[in-house]
S.K.: 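For reference, the structure I am asking about is given below.
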Amino acid sequence: MSSSDIEKLIIASNRLQSAKSANPGTLGLFSFASTTFLLSMYNLQCRGINTPNLAVGMALSCGGLAQFVAGMWEFPRGNMFGATAFTSYGAFWLSYAAILIPGSGIIASYENNKSELQSAIGLYLITWFMVTFFFFIVSLRKSVSFIALFGLLFTTFIILAAGEFAASPNVTKIGGAVGLITAFVAYYIGVSELLAAEKNPIFRLPLGTFKAD
């Protein structure tokens, strides 16, 4: 290989390294928002729906796989917060889908003890309340939008957990309402980042980002 060929390879490699990669965060946000929106509507018993199992498809593909992949793409971009958050919530939706899938036998194992099932789901939701609260702490230095997102999300988890512990459909409905607001905040951030990626966006949506010290 001649020196000119080596030089061309080095130039091509430098171009690849300097190429701007797309922000996977928007995919993660829209996937999270859409799945949260659907499940929140079910928690609100919209149109008389009491069984949330139709959310399995969304939880597996959109909330689960798409978010998990978005998290994996965030790692090479050096965004530890986005990588950890998207991968974690992708895993959350995959695990939630596993609970609802009849073939998993998870819910069937509690068939003779409904109160035990409610307590088990309540503890499951408490676990994710704690994870989300830790993300909320980190978001306090990011932007008003992310503070609102994680603040609403950990509130959703704790209310839904309370609904399970108290076996109260009304409390679960309140959790569904807060979850619905959470979904729209996630949509807002996603649209904001999508517009910011455009060269000439028709308008911009502020995120309330804090100035660096």
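Keep in mind that the numbers below use all heavy atoms, side chains included, and drop hydrogens, waters and symmetry copies. None of the values given here were measured: they were computed from a predicted structure.
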S.K.: Main chain of L207, side chain of S145: is a donor-acceptor contact present, judged purely on distance under 3.5 Å?
M.R.: yes
S.K.: Would you find a donor on one side and an acceptor on the other, under 3.5 Å apart, between the side chain of S104 and the backbone of L100?
M.R.: no
S.K.: What is the minimum heavy-atom distance between L65 and L94, and which atoms define it?
M.R.: N-CD2, 4.3 Å
S.K.: Find the distance between OG (S119) and OH (Y110) and round it off to the nearest 0.5 Å.
M.R.: 9.5 Å
S.K.: Once you round to the nearest 0.5 Å, how far does CZ of F154 lie from CZ of F133?
M.R.: 6.0 Å
S.K.: Does some side-chain heavy atom of F129 sit less than 4.5 Å from a side-chain heavy atom of T155?
M.R.: no
S.K.: Is there side-chain contact between S192 and R204, with at least one heavy-atom pair below 4.5 Å?
M.R.: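 No, side chains not in contact.
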S.K.: Measuring centre to centre across the rings, with the benzene-like ring taken for any Trp, is F81 within less than 6.0 Å of F135?
M.R.: yes
S.K.: If you group Ile, Leu, Val, Met, Phe, Trp and Tyr by side-chain heavy-atom gaps below 4.5 Å, do F86 and W73 land in one group?
M.R.: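 As far as the 4.5 Å side-chain criterion goes, W73 and F86 are not connected within one cluster.
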S.K.: So if you build clusters from Ile, Leu, Val, Met, Phe, Trp, Tyr with side-chain heavy-atom gaps below 4.5 Å, do L29 and F75 land together?
M.R.: no
S.K.: For the residue pair L195 and P201, what are the closest heavy atoms and their distance?
M.R.: O-CB, 3.4 Å
S.K.: Show your working on side-chain contact (heavy atoms from CB on, under 4.5 Å) between V171 and F165 and close with a plain yes or no.
M.R.: CA-CA 10 Å; V171 175; F165 289 142; over 6 Å; no
S.K.: Under a 4.5 Å cut-off applied to non-hydrogen side-chain atoms, are M58 and S34 in contact?
M.R.: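 In contact.
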S.K.: How far apart are the closest heavy atoms of S143 and T209, and which atoms are they?
M.R.: CB-CA, 3.7 Å
S.K.: Less than 4.5 Å apart, side chain to side chain, heavy atoms only: is that true for E74 and T87?
M.R.: no
S.K.: Whether the side chain of T35 engages the backbone of F32 through a donor-acceptor N/O pair (distance < 3.5 Å, no angle test) should be reported.
M.R.: no
S.K.: Is there side-chain contact between F92 and F68, with heavy atoms separated by less than 4.5 Å?
M.R.: no
S.K.: Shortest non-hydrogen contact from A59 to A97?
M.R.: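 In this case the closest contact between A59 and A97 is CB-CB, 3.8 Å.
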S.K.: Quick one: pull up CG in N53 and CD1 in I99 and give me the separation to the nearest 0.5 Å.
M.R.: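 Nearest 0.5 Å value for the CG-CD1 distance: 11.5 Å.
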S.K.: How about CH2 on W128, more than 12 heavy atoms from neighbouring residues, nucleotides or ligands closer than 6.0 Å, or not?
M.R.: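 Yes, enclosed.
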S.K.: Kindly determine whether L180 and F37 satisfy side-chain contact (heavy atoms from CB on, under 4.5 Å), including the steps that lead there.
M.R.: CA-CA 5 Å; L180 202 61; F37 172 84; 3.4 Å; yes
S.K.: How far apart are the closest heavy atoms of L44 and K173, and which atoms are they?
M.R.: CD2-O, 3.2 Å
S.K.: Closest approach of G179 and S40, non-hydrogen atoms and distance?
M.R.: C-OG, 3.2 Å
S.K.: Would a 4.5 Å heavy-atom cut-off, applied to side chains only, mark W93 and Q67 as touching?
M.R.: yes
S.K.: Does CG belonging to L54 count more than 12 external heavy atoms closer than 6.0 Å?
M.R.: no
S.K.: Any side-chain donor-acceptor pair under 3.5 Å between T172 and N170?
M.R.: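 There is no such pair between these side chains.
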S.K.: Could you tell me the separation between the OG1 atom of T156 and the CG atom of N43, rounded to the nearest 0.5 Å?
M.R.: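 If I round to the nearest 0.5 Å, the distance is 9.5 Å.
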S.K.: Measure the spacing between CD1 of I137 and CD1 of I147 and express it to the nearest 0.5 Å.
M.R.: 12.0 Å
S.K.: Run the side chain to side chain donor-acceptor pair (under 3.5 Å) test on T132 and Y89 for me, step by step, so that the C-alpha distance in whole Å, both residues' side-chain angles and the decisive distance to 0.1 Å come before the verdict.
M.R.: CA-CA 9 Å; T132 306; Y89 290 118; 2.8 Å; yes
S.K.: Any chain of hydrophobic side-chain contacts (each under 4.5 Å) joining L27 to L60?
M.R.: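 In one cluster: no.
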S.K.: Would you find a donor on one side and an acceptor on the other, under 3.5 Å apart, between the side chain of E193 and the backbone of I189?
M.R.: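 It does not hold such a pair.
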S.K.: Report yes if the side chains of F30 and L194 come closer than 4.5 Å at any heavy-atom pair, otherwise no.
M.R.: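 Counting from C-beta outward, F30 and L194 do come under 4.5 Å.
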S.K.: Does a side-chain heavy-atom distance below 4.5 Å link P52 with Y96?
M.R.: yes
S.K.: Check the surroundings of atom CE in M72: do more than 12 heavy atoms from other residues, nucleotides or ligands lie under 6.0 Å from it?
M.R.: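 Correct, the count exceeds 12.
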S.K.: Under 3.5 Å, is there a donor-acceptor pair linking the side chains of Y42 and T51?
M.R.: no
S.K.: Identify whether L140 and V185 are in the same connected component of the hydrophobic contact network (ILVMFWY, side-chain heavy atoms under 4.5 Å).
M.R.: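 Cluster IDs for L140 and V185 match.
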S.K.: Specify whether Y187 and F184 have parallel, tilted or perpendicular ring planes, treating 30° as the upper limit for parallel and 60° as the lower limit for perpendicular.
M.R.: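 It falls in the tilted class, 30° to 60°.
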S.K.: Calculate, to the nearest 0.5 Å, the distance between atoms CD1 and CD belonging to I126 and E164 respectively.
M.R.: 11.0 Å
